[in-house]
Enquirer: 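The structure follows.
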Amino acid sequence: MFIDINEIEREGVAFDGELDLSSVTGAGADGLRVMRARLVGRATPGDLGVMLSARLEANVELACSRCTEPFEARLTPAFRLTLVPEAAEFAAGEARIGEEDTSLFYTREGKADLVQIASEQIYLNLPLKPVCREGCKGLCPRCGANRNTTDCDCADEAIDARLAPLLQFRKRR
């Protein structure tokens with residue numbers, strides 16, 4: 001789904017639609033998979049370009065950072081971007097981006113790809129350490145068993161004899 005910023009009329013354009021973001025994946029332990037995504041918003045002409053105000057509603061599958069089991073999470077970021085034609089100085093290489101440029105989205109030939117914008121918003125709004133539930137016990141550091149589903153027989157961590165005198169301070173509390 002594309003928005004042509006050269007054809008936006010004064011009253012703007014509203015959009016509401018499902019997006020196919022199946023190509024958005026995470027590598028390695030991230031385990032990201034987008035199951036459903038919907039983008040709702042409005043594009044209106046502005047001073048610098050076309051102002052895009054939108055809300056993304058996405059169901060994603062992530063891998064828990066504690067137990068590594070997959071779980072479903074819901075992302076609902078709202079965002080504002082200014083869609084501008086691609087600048088000539090950015091076409092051929094690296095460029096320094098200032099803080100004022102972070103809300104700019106450069107379009108090729110005046111066409112903004114809503115799938116690309118939605119994919120970017122998913123990556124920007126992923127939790128740093130996704131957890132399947134608040135009380136997740138994670139994996140046993142010795143045998144690797146999932147402590148949410150199995151009680152392993154591993155002994156508690158042995159205390160270093162040099163640090164044992166410090167345990168008295170913990171017992172006083």
Side-chain angles (χ1 to χ4, degrees), residues 1-9 11-46 48-86 90 97-141 143-152:
M1 187 180 334
F2 289 90
I3 291 180
D4 190 345
I5 65 172
N6 300 318
E7 296 180 5
I8 301 286
E9 298 293 326
E11 60 276 356
V13 173
F15 54 89
D16 180 353
E18 297 282 328
L19 299 175
D20 179 16
L21 298 180
S22 58
S23 63
V24 177
T25 59
D30 294 340
L32 169 67
R33 185 171 66 97
V34 179
M35 297 182 301
R36 189 187 77 74
R38 179 176 173 221
L39 190 63
V40 179
R42 183 164 196 79
T44 55
L48 296 174
V50 173
M51 300 299 297
L52 177 73
S53 299
R55 185 182 77 250
L56 176 67
E57 300 167 357
N59 291 349
V60 296
E61 184 178 274
L62 300 170
C64 179
S65 63
R66 292 183 188 165
C67 68
T68 69
E69 292 294 321
F71 72 99
E72 188 174 325
R74 183 157 174 85
L75 302 176
T76 56
F79 58 94
R80 296 177 65 96
L81 294 173
T82 304
L83 307 175
V84 295
E86 186 172 51
F90 294 120
I97 296 176
E99 189 174 331
E100 65 279 357
D101 296 329
T102 58
S103 67
L104 296 179
F105 187 86
Y106 293 97
T107 62
R108 290 185 190 252
E109 300 172 5
K111 292 186 168 72
D113 185 0
L114 294 180
V115 170
Q116 182 182 2
I117 292 171
S119 300
E120 181 179 281
Q121 291 303 314
I122 285 177
Y123 285 124
L124 289 172
N125 288 282
L126 285 175
L128 292 176
K129 296 285 183 182
V131 179
C132 60
R133 62 180 182 271
E134 195 173 315
C136 179
K137 297 176 184 176
L139 301 176
C140 174
C143 68
N146 185 344
R147 290 181 171 170
N148 296 316
T149 59
T150 311
D151 290 327
C152 63

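Note that the structure is predicted; figures quoted are calculated from it, not measured. The residues of the chain are indexed from 1 along the displayed sequence.
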Enquirer: How would you list, by chain and number, every residue that makes a salt bridge (charged side-chain N to carboxylate O under 4.0 Å, His left out) with E18, sequence neighbours excluded?
Expert: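 Residues passing salt bridge (charged side-chain N to carboxylate O under 4.0 Å, His left out) with E18: R36.
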
Enquirer: Around atom CZ of R74, are there more than 12 heavy atoms of other residues, nucleotides or ligands at under 6.0 Å?
Expert: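 For R74, atom CZ is crowded (more than 12 foreign heavy atoms under 6.0 Å).
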
Enquirer: As an exercise, state the distance from CZ of R55 to CG of L75, rounded to the nearest 0.5 Å.
Expert: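 The CG atom of L75 is 13.0 Å from CZ of R55, to the nearest 0.5 Å.
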
Enquirer: Would you say E109 has more than 12 foreign heavy atoms packed within less than 6.0 Å of its CD?
Expert: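 12 or below, so no.
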
Enquirer: Does P130 offer a backbone N or O that forms a donor-acceptor pair with the side chain of S65 under 3.5 Å?
Expert: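 Looks like yes, one N/O pair under 3.5 Å.
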
Enquirer: Is any side-chain heavy atom of V50 closer than 4.5 Å to a side-chain heavy atom of T44?
Expert: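 In short, these two side chains do not touch, never coming nearer than 4.5 Å.
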
Enquirer: Apply side chain to side chain contact (heavy atoms under 4.5 Å, CB included) to D4 and list each qualifying residue two or more places apart in sequence or on a separate chain.
Expert: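 D4 satisfies side chain to side chain contact (heavy atoms under 4.5 Å, CB included) with N6, E7, K111 once adjacent residues are dropped.
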
Enquirer: How about L21 and I122: do any of their side-chain heavy atoms sit closer than 4.5 Å?
Expert: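 SC-SC contact between L21 and I122 confirmed.
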
Enquirer: How far apart are the C-alpha atoms of L32 and L62, what are their side-chain angles, what is the distance that settles it, and do they pass the side-chain contact (heavy atoms from CB on, under 4.5 Å) test?
Expert: CA-CA 5 Å; L32 169 67; L62 300 170; 3.6 Å; yes

Enquirer: Which atoms form the tightest heavy-atom contact between G17 and M1, and what is the distance?
Expert: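 The answer is CA-CE, 4.2 Å.
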
Enquirer: Ignoring hydrogens and geometry, is there a side-chain-to-backbone donor-acceptor pair from N148 to K137 under 3.5 Å?
Expert: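 Present.
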
Enquirer: Below 4.5 Å, heavy atoms only, C-beta onward: do F15 and L52 meet side chain to side chain?
Expert: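 Yes, side chains in contact.
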
Enquirer: Which pair of non-hydrogen atoms, one from C136 and one from C64, has the smallest distance, and what is that distance?
Expert: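 Closest approach of C136 to C64, heavy atoms only: SG-SG, 3.8 Å.
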
Enquirer: With a 4.5 Å limit on heavy-atom distance, are the side chains of F105 and T82 in contact?
Expert: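 They are not in contact (no side-chain heavy atoms under 4.5 Å apart), so the answer is no.
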
Enquirer: Are any of the side-chain heavy atoms of N146 and L139 separated by less than 4.5 Å?
Expert: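 Result yes, sub-4.5 Å side-chain heavy-atom pair found.
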
Enquirer: Flag the pair V131 / F71 as yes when at least one side-chain heavy-atom distance between them is below 4.5 Å, and no otherwise.
Expert: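 No, too far: nothing below the 4.5 Å cut-off.
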
Enquirer: What distance do S22 atom OG and R33 atom CZ have between them, rounded to the nearest 0.5 Å?
Expert: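 It comes to 10.0 Å.
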
Enquirer: For residues 112-120, tabulate all N or O donor-acceptor pairs below 3.5 Å that involve a side-chain atom, not counting sequence neighbours.
Expert:
residue: D113; atom: OD1; partner: V115; partner atom: N; Å: 3.1
residue: S119; atom: OG; partner: V115; partner atom: O; Å: 2.8

Enquirer: For a side-chain contact (heavy atoms from CB on, under 4.5 Å) check, start with the C-alpha distance between I3 and V13, then their side-chain angles and the critical distance, and finish with the verdict.
Expert: CA-CA 9 Å; I3 291 180; V13 173; 5.8 Å; no

Enquirer: So, do L56 and N125 sit near enough that their side-chain heavy atoms are less than 4.5 Å apart?
Expert: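 Heavy-atom side-chain distance check fails, nothing below 4.5 Å.
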
Enquirer: Enter the distance from R147:CZ to C140:SG here, rounded to the nearest 0.5 Å.
Expert: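 With rounding to 0.5 Å, CZ (R147) is 4.5 Å from SG (C140).
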
Enquirer: Can you confirm whether M51 sits close enough to R42 that some side-chain heavy atom of one is under 4.5 Å from a side-chain heavy atom of the other?
Expert: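 The answer is no; the side chains never approach within 4.5 Å.
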
